[in-house]
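Values reported hereafter were calculated over all heavy atoms of this structure, with side chains retained and with hydrogens, waters and symmetry mates removed.
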Amino acid sequence: MAGNALSDRFSRPLHDLRISVMDRCNFRCPYCMPEATYHEHFRFLEPKERLSFDEIERVARVAVSLGVRKLRLTGGEPLLRPKLPELVARLAAIEGVEDVALTTNGVLLERHVQELKAAGLNRVTVSLDSLDPAVFARMSGGRAQLEPVLEAIDSAARAGFSGGVKLNSVIQRGLNDAGVEELAERFRHSGIVLRFIEYMDVGTRNHWERAEVVPSRDLLERLDARWPLEPVDAHYRGEVAQRYRYCDGGGEVGFISSVTAPFCGDCSRARLSSEGQLYTCLFASEGTDLRTLLRSDADDTALRALLAGVWRQRTDRYSEERAASSDAPARRRIEMNYIGG
């Protein structure tokens with residue numbers, strides 16, 4: 001049974017744990033894993049370097065005892081991890097867990113969707129940056145075609161996950177911003193929630209420039225001009241997306257604005273990398289090594305003390321600091337393929 005939730009130095013509770021199960025990906029999205037860096041000779045983790053399912057479950061159980069209620073499996077591409085539904089079932093069975101979710105690029109989703117649903121997965125989020133086949137191919141690094149991903153999204157919607165299906169679209173100026181209305185129109189009245197994400201400076205290898213960010217407010221104005229929108233209250237404290245619904249009953253759309261409207265003040269997420277580093281910010285420079293402890297003789301009391309101590313000392317607010325000072329010095333940041341989004 002979960003105990004009392006703990007808080008960091010800014011009184012932010014630990015509520016979500018995002019678990020990267022795989023550092024590899026079958027896409028080479030330019031904003032995450034550009035081909036020039038992640039080429040065929042790039043050294044990814046060996047299987048023995050990644051946490052095992054037993055180790056992941058152990059960390060999750062201890063995290064739940066500290067207040068975590070939501071678990072999300074990420075990558076790289078998590079469906080590249082063999083037997084992933086087995087891990088889903090183990091996490092869903094932890095007493096106190098309210099939600100187990102998965103973020104995927106969708107290429108492998110259709111073949112696993114029924115097994116994931118049966119294992120207890122509550123929600124699926126698929127990354128989909130464009131409905132233009134040529135733009136989609138470019139944004140996947142030439143690694144995928146659009147139609148199989150759309151078919152997988154439809155299959156996931158039919159599967160009836162209790163938490164539904166969401167789509168994440170990273171919008172980059174001059175690359176896919178012209179297709180925003182097309183995406184919105186495709187998924188209105190579908191029951192699928194589309195969320196637009198500002199292009200972020202995650203990691204140090206995507207050559208991020210602020211000029212390529214399309215502010216969420218601009219996208220909101222464009223959509224509202226075509227289909228009037230009204231704001232919707234957040235489901236819970238720390239929800240990252242600003243939610244809106246179509247006034248004509250067409251469903252819901254969201255905007256994740258970590259560049260122009262940082263939400264660090266309510267961030268309740270910790271991230272576990274596939275090799276067992278715990279990060280307390282998406283833009284962290286370094287993490288805390290859990291793998292060494294997990295592979296030692298230390299018991300869960302020691303693991304719990306380590307997790308609690310890291311969270312209590314947490315002061316991360318990178319996006320707010322970046323927004324407050326354009327002269328902030330650049331720093332090394334963990335790459336997204338190690339900790340997911």
Side-chain angles (χ1 to χ4, degrees), residues 1-6 12-23 50-81 83-104 109 112-113 115-127 156 159 161-166 168 235-241 266-282 287-288 290-291 294 300 303-304 306-308 310-311 314 336 338-341:
M1 180 67 68
N4 294 327
L6 73 158
R12 296 170 295 190
L14 175 60
H15 186 265
D16 304 68
L17 179 63
R18 300 194 171 194
I19 303 167
S20 174
V21 297
M22 175 62 71
D23 60 317
R50 301 187 198 106
L51 295 187
S52 68
F53 285 179
D54 286 343
E55 291 166 338
I56 291 172
E57 181 185 358
R58 183 181 174 194
V59 174
R61 286 186 181 278
V62 172
V64 170
S65 77
L66 293 169
V68 164
R69 292 294 175 268
K70 301 173 68 174
L71 303 173
R72 177 175 290 277
L73 299 179
T74 68
E77 171 48 50
L79 290 174
L80 289 175
R81 182 74 182 254
K83 301 181 179 179
L84 189 67
E86 176 187 323
L87 177 61
V88 170
R90 292 168 69 165
L91 298 179
I94 297 174
E95 186 177 0
V97 170
E98 297 174 358
D99 186 69
V100 180
L102 172 76
T103 297
T104 174
L109 178 59
H112 296 294
V113 68
E115 194 176 3
L116 290 166
K117 173 71 162 45
L121 190 72
N122 300 110
R123 291 185 294 134
V124 175
T125 299
V126 180
S127 299
F161 289 97
S162 61
V165 177
K166 293 182 179 178
N168 282 348
H235 286 301
Y236 54 90
R237 178 188 174 185
E239 186 172 28
V240 299
D266 283 330
C267 180
S268 60
R269 291 169 293 284
R271 292 171 168 86
L272 180 67
S273 74
S274 49
E275 78 271 41
Q277 292 282 323
L278 183 73
Y279 295 91
T280 55
C281 179
L282 179 61
T288 300
L290 301 187
R291 187 178 66 187
L294 291 167
D300 283 357
L303 177 59
R304 193 177 194 275
L306 179 58
L307 290 176
V310 168
W311 192 262
R314 177 182 186 241
M336 186 181 286
Y338 283 102
I339 56 171

Legend entry - Inter-residue atom distance Ser162.OG - Lys117.NZ, 0.5 Å rounding: 7.5 Å
Inset, instruction - Would you sort out whether Leu79 and His112 count as a side chain to side chain contact (heavy atoms under 4.5 Å, CB included), showing the intermediate values? - result: CA-CA 8 Å; Leu79 290 174; His112 296 294; 4.2 Å; yes
Inset, instruction - Show your working on side chain to side chain contact (heavy atoms under 4.5 Å, CB included) between Leu51 and Ile19 and close with a plain yes or no. - result: CA-CA 10 Å; Leu51 295 187; Ile19 303 167; over 6 Å; no
Legend entry - From Leu6 atom CG to Trp311 atom CH2, the distance as rounded to the nearest 0.5 Å: 8.0 Å
Legend entry - Exercise: identify the closest heavy-atom pair between Asn122 and Phe161: O-CB, 3.2 Å
Inset, instruction - State which residues pass side chain to side chain donor-acceptor pair (under 3.5 Å) with Lys70; sequence neighbours excluded, sorted by chain then number. - result: Tyr236
Legend entry - Straight-line distance of Leu272 CG to Thr288 OG1, nearest 0.5 Å: 11.0 Å
Legend entry - Pairwise distance CZ(Arg271) to CZ(Arg72) - rounded to 0.5 angstrom: 10.5 Å
Legend entry - Minimal non-hydrogen separation, Leu17 against Ala63, with atom names: CD2-CB, 4.0 Å
Legend entry - Lys/Arg-Asp/Glu bridge criterion (N-O < 4.0 Å) met for Asp99, Arg123: yes
Inset, instruction - Apply the test side chain to side chain contact (heavy atoms under 4.5 Å, CB included) to residues Arg50 and Arg81: give CA-CA distance (whole Å), side-chain angles for both, the deciding distance (0.1 Å), then the verdict. - result: CA-CA 10 Å; Arg50 301 187 198 106; Arg81 182 74 182 254; 4.2 Å; yes
Legend entry - Sole residue of Leu116, Val21, Leu71, Val126 in side-chain contact (heavy atoms from CB on, under 4.5 Å) with Leu102: Leu116
Legend entry - side chain to side chain contact (heavy atoms under 4.5 Å, CB included) between Arg69 and Val64, intermediate numbers included: CA-CA 6 Å; Arg69 292 294 175 268; Val64 170; 4.0 Å; yes
Legend entry - Between CG on residue Leu84 and CD on residue Glu77, distance to nearest 0.5 Å: 9.0 Å
Inset, instruction - For Glu57 and Leu91, work out which heavy atoms get closest and say how close. - result: CA-CD2, 4.1 Å
Legend entry - Over all atoms of both residues, closest heavy-atom pair of Thr103 and Ser127: CG2-OG, 4.4 Å
Legend entry - Test item: Arg314 side-chain N/O and Thr280 main-chain N/O as donor-acceptor pair under 3.5 Å: yes
Inset, instruction - To the nearest 0.5 Å, tell me how far Arg291 CZ sits from Glu275 CD. - result: 6.5 Å
Inset, instruction - Check Val310 against Leu278 and note the closest heavy-atom contact, atom names and distance. - result: CG1-CD2, 4.1 Å
Inset, instruction - List the atom of Ser274, the atom of Met22, and the distance in Å for their closest heavy-atom pair. - result: CB-N, 3.8 Å
